[in-house]
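Comments concern the structure below.
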Amino acid sequence: MTMVINSLFSLNFTAKPSSIPVTGHPLLLNSLLPSGYLQCRIRKRELSLPLVASIPYQPVNVDYLEHEFGGHGVTFEGLGDVCIAKMGLANGSTATLMLPSGLITSYKPRMWHGGTLELLQTSVSEGKEGTAVIQGGVSLAFDFESDDDTSWFPSNWSLRDVRGNSHDSIQVELIGNDTKDMVGVKYIISLKEDTLSSQLVVSNSTSSPIMLSGSLVSHITVSSPEATYAYGLEGSNIFNRPIFLSNFSIVPAGLENVFVSDQPRSEVVFKGILTGQGVSLKVVPKGKGQRPENMEILEEEEDDNYKNLTEKMSRIYTNAPRDFTVIDRGRRNSIAIIREGFRELYIFSPGSDYESYSKYSYVCIGQSALLEPVTLGPNDTWTGGQHLHNPNL
């Protein structure tokens, strides 16, 4: 059973990304469903709501968060061991963040027609033993690697600060709890009247360089891929690659291992290895910051400045402009996607083989360091991020 609502985890929903059963809430998922849909089935049993993996989180003290950080346009609601942080501006724009996973599940900016529109695709599907698998939205899927080949990345985030107010802008700052000694990682989510920003700030206080590889992944909901166009990528270099997988990826069944390219399977360069809440990315062969030899071949150059995303595609764009626009003619809206710090752009589209307005009506945009990892020397600080700008006011 799969339940998909584009406004999943909007200001009217709370969820639980742990494996501990939710008691006393038999209709917990009802706000995810069309009116009356599956209500009878949900009433018959309890549901536990983990993310993809069962992580033993420490309980979040929601009362403390509300007392310490409330009043800036952010409210906090708890369920089990997790917390839903709801950001709302006076003009009606909203965003929703799950703690401690750091998953952004909803972004609803104010639109030209006076209402709001969900721009992120998030899905909930039934997992084992009645648990729920939560996927989509905006998530971090990265891996640090040090000189001793140790790999890690935060999967558990704590709220460090909330700044701003509901009239101008709101900024939520998270800090990684499970980073390696002397490597600091901050994740900053900012909501403005026309923009949602996600920024990763990494500080290396060690005496050795570290490498960061992976992608900041956004599932942008659309009416259908065949009605969706990427505007502004003409002249960019294209490398076809396997589908980039993380714990939060929405990928149609059967496409997980598809290599969308004419290259033989033996030339697959990157492999996503699910490790708990995050994703570990291994380069084969290990590049140590250099592009692997079998990715030196330039597949093609983008010659279409108004690229229809109707076909299945999984590719990395290099030499791409800092910003481009995703246009959805079906919903009569567009979203400008602005890259910061990263040199690469990853795009995945499941294509138009799937039912319109379904779980797979999305395009996946990633601000990435996949071909060439980001190298931070001793005492270096690096910032990378993505800005989802709504031009439809």
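Starting from 1, each residue takes its place in the sequence as its number. FYI, side chains are in, hydrogens and waters are out, and symmetry mates aren't considered; it's all heavy atoms of this structure. The shown structure was predicted, so the numbers you read here are calculated from the model rather than taken from an experiment.
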Just by modelled atom types, is the Ser224 backbone N or O under 3.5 Å from a matching donor or acceptor in the Thr228 side chain? yes
Taking the side chain as every heavy atom from C-beta outward, state whether Ile327 and Tyr306 have any atom pair closer than 4.5 Å. yes
With sequence neighbours left out, write down each residue that passes side chain to side chain donor-acceptor pair (under 3.5 Å) with Tyr317, or none if nothing qualifies. Glu302, Arg315
Any chain of hydrophobic side-chain contacts (each under 4.5 Å) joining Tyr64 to Leu159? yes
Pairs meeting criterion salt bridge (charged side-chain N to carboxylate O under 4.0 Å, His left out) with involvement of residues 168-177, two or more places apart: Arg160-Glu173, Arg163-Glu173
Main-chain N/O of Thr105 paired with Thr122 side-chain donor or acceptor, under 3.5 Å: yes
Listed once per pair and sorted, the salt bridge (charged side-chain N to carboxylate O under 4.0 Å, His left out) pairs that draw on residues 198-218, sequence neighbours left out: none
Under 3.5 Å, side chain of Arg339 to main-chain N/O of Ala320, donor-acceptor pair present? yes
Say whether Thr310 and Asn308, considering side chains only, have a donor N or O and an acceptor N or O under 3.5 Å apart. no
Run the side chain to side chain donor-acceptor pair (under 3.5 Å) check on Gln386 and Glu340 step by step: do they pass? CA-CA 6 Å; Gln386 172 185 263; Glu340 176 187 359; over 6 Å; no
Ser101 side-chain N/O to Leu99 backbone N/O, donor-acceptor pair under 3.5 Å: no
Counting N and O atoms only, with roles assigned by atom type, does the side chain of Tyr346 sit under 3.5 Å from a partner on the main chain of Phe244, one being a donor and the other an acceptor? yes
Could you tell me how the ring of Phe142 sits relative to the ring of Phe342: parallel (under 30°), tilted (30 to 60°) or perpendicular (over 60°)? parallel
Between the main-chain N or O of Glu372 and the side-chain N or O of Glu344, is there a donor-acceptor pair closer than 3.5 Å? yes
Salt bridge or not between Asp328 and Arg331? Use side-chain N to carboxylate O under 4.0 Å. yes
Mind checking who shares a hydrophobic cluster with Ile175, ILVMFWY linked at side-chain heavy-atom distances under 4.5 Å? none
Does Lys192 offer a backbone N or O that forms a donor-acceptor pair with the side chain of Thr195 under 3.5 Å? no
Are Ile188 and Val202 connected in the hydrophobic side-chain network, where two residues link if heavy atoms are under 4.5 Å apart? no
Look at the side chain of Asn392 and the backbone N and O of Ser334, then say whether any donor-acceptor pair between them is shorter than 3.5 Å. yes
Any donor-acceptor N/O pair, His387 side chain to His389 backbone, under 3.5 Å: no
Say whether Ser236 and Asn319, considering side chains only, have a donor N or O and an acceptor N or O under 3.5 Å apart. no
Of the non-hydrogen atoms in Gln367 and Ile337, which two are nearest, and what is the gap between them? NE2-CG2, 3.3 Å
Is a side-chain donor or acceptor of Ser249 paired with a backbone partner of Val251 at a separation under 3.5 angstrom? no
Residues forming a side chain to side chain donor-acceptor pair (under 3.5 Å) with Ser208, sequence neighbours excluded: none
Who pairs with Arg110 by salt bridge (Lys or Arg N to Asp or Glu O under 4.0 Å), at least two apart in sequence or on another chain? none
